[in-house]
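A quick note: this is a predicted structure, and the numbers were derived from the prediction, not measured. Both backbone and side-chain heavy atoms feed into the values below; hydrogens, waters and symmetry mates do not.
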Amino acid sequence: QVQLVESGGGLVQAGDSLRLSCAASGRTFSTYTMAWFRQAPGKEREFVGAFSWSGGRTYYTDSVKGRFTISRDNAKNTVYLQMNSLKPEDTAVYYCAGSYKSTIYDTERSYSYWGQGTQVTVSS
């Protein structure tokens with residue numbers, strides 16, 4: 001069983017930066033594709049980006065490209081989401097998710113493991 005625990009959320013102003021962390025249990029973390037999703041109030045959960053274990057590939061949704069960066073530290077079983085130039089529309093609960101698949105998918109059903117989420121609020 002894999003457990004994911006997010007941290008690092010908070011209240012920031014537009015233009016600020018924030019780094020989220022997702023700590024994973026399990027000995028095979030290095031073979032998970034790790035993704036970040038977010039869910040804004042009244043909206044469906046959406047894909048933000050992912051980091052494949054195969055080849056270190058990353059993929060981001062268009063709205064965060066150039067602002068958000070996903071990285072991972074396999075020695076610490078942790079994946080990070082560095083968020084720069086935050087906008088009010090980035091306000092959401094952010095979730096990390098894990099998959100054994102090497103291919104990056106942007107759909108929730110492709111991920112077997114989920115964290116509890118961490119709130120990010122960006123004020124204007």
Side-chain angles (χ1 to χ4, degrees):
Q1 186 72 17
V2 175
Q3 292 186 328
L4 303 176
V5 179
E6 302 97 334
S7 62
L11 172 63
V12 297
Q13 293 186 333
D16 285 351
S17 298
L18 202 60
R19 189 178 78 160
L20 306 183
S21 300
C22 174
S25 64
R27 295 175 295 176
T28 58
F29 173 78
S30 61
T31 59
Y32 300 162
T33 287
M34 298 299 297
W36 288 93
F37 286 76
R38 65 185 180 186
Q39 187 168 22
K43 296 186 177 181
E44 294 185 350
R45 191 153 51 183
E46 66 171 351
F47 175 82
V48 174
F51 192 126
S52 171
W53 64 265
S54 177
R57 290 172 288 115
T58 56
Y59 178 78
Y60 301 93
T61 193
D62 286 345
S63 62
V64 307
K65 283 181 181 177
R67 300 189 300 122
F68 290 12
T69 302
I70 297 174
S71 61
R72 61 193 295 164
D73 185 337
N74 289 336
K76 295 183 178 180
N77 278 13
T78 301
V79 63
Y80 304 97
L81 179 64
Q82 177 67 44
M83 303 184 293
N84 299 328
S85 302
L86 282 161
K87 305 175 181 180
E89 50 264 43
D90 294 319
T91 294
V93 177
Y94 284 72
Y95 299 88
C96 69
S99 167
Y100 286 114
K101 301 174 183 177
S102 61
T103 300
I104 293 175
Y105 295 95
D106 60 3
T107 55
E108 293 183 55
R109 63 177 180 271
S110 298
Y111 295 86
S112 303
Y113 306 104
W114 291 84
Q116 83 289 348
T118 186
Q119 176 70 48
V120 173
T121 303
V122 184
S123 64
S124 58

query: Counting only heavy atoms not in Lys76, do more than 12 fall under 6.0 Å of its NZ?
result: no
task: Please indicate whether Glu46 has more than 12 foreign heavy atoms, meaning atoms of other residues, nucleotides or ligands, lying under 6.0 Å from its CD.
output: yes
For [X] against [Y], the heavy-atom pair lying closest together:
X: Glu6; Y: Tyr94; value: OE2-O, 3.9 Å
X: Thr103; Y: Tyr105; value: O-CD1, 3.3 Å
X: Ala92; Y: Ala40; value: CB-N, 3.7 Å
X: Ser25; Y: Asn77; value: C-ND2, 4.3 Å
X: Leu4; Y: Met34; value: CD2-CE, 3.9 Å

message: Strictly by disulfide (SG to SG under 2.5 Å), give each pair with a member in residues 44-124 just once, sequence neighbours left out.
response: Cys22-Cys96
field: All side chain to side chain contact (heavy atoms under 4.5 Å, CB included) counterparts of Ala14, not counting sequence neighbours
entry: Pro88, Val122
Pairwise side-chain contact, [X] with [Y], heavy-atom cut-off 4.5 Å (strictly under):
X: Arg38; Y: Leu20; answer: no
X: Leu11; Y: Gln119; answer: no
X: Met83; Y: Leu18; answer: yes
X: Phe68; Y: Thr61; answer: no

query: Between Asp90 and Lys87, does at least one N-O distance fall below 4.0 Å, as a salt bridge requires?
result: no
query: Under a single-linkage definition using a 4.5 Å side-chain heavy-atom cutoff for Ile, Leu, Val, Met, Phe, Trp and Tyr, are Trp53 and Val79 assigned to the same hydrophobic cluster?
result: no
message: Quick check on the hydrophobic clustering: are Leu81 and Leu86 connected, directly or via other members, by side-chain heavy-atom contacts under 4.5 Å?
response: yes
message: Could you walk me through whether Tyr80 and Thr69 satisfy the side-chain contact (heavy atoms from CB on, under 4.5 Å) test, starting with their C-alpha distance in whole Å, then the side-chain angles of each, then the deciding distance to 0.1 Å, before giving a yes or no?
response: CA-CA 8 Å; Tyr80 304 97; Thr69 302; over 6 Å; no
- request: Would you please name every residue forming a ring pair (Phe, Tyr, Trp, His ring centres under 6.0 Å) with Tyr100, sequence neighbours left out?
  value: Tyr32, Tyr113
- line: Residue pairs passing the side-chain hydrogen bond (donor to acceptor under 3.5 Å, both in side chains) test with at least one member in residues 13-22, sequence neighbours excluded, are Ser17-Asn84
Taking atom [atom1] of [X] and atom [atom2] of [Y], what is their separation to the nearest 0.5 Å?
X: Lys65; Y: Thr58; atom1: NZ; atom2: OG1; value: 10.0 Å
X: Phe51; Y: Thr33; atom1: CZ; atom2: OG1; value: 9.5 Å
X: Arg72; Y: Ser52; atom1: CZ; atom2: OG; value: 8.0 Å

- prompt: Other than Val5, what residues sit in its cluster of Ile, Leu, Val, Met, Phe, Trp and Tyr side chains whose heavy atoms are under 4.5 Å apart, directly or through others?
  reply: none
message: Taking transitive links into account, so neighbours of neighbours count too, which hydrophobic residues share a cluster with Tyr111 at under 4.5 Å side-chain distance?
response: Phe37, Phe47, Tyr59, Val93, Tyr95, Ile104, Trp114
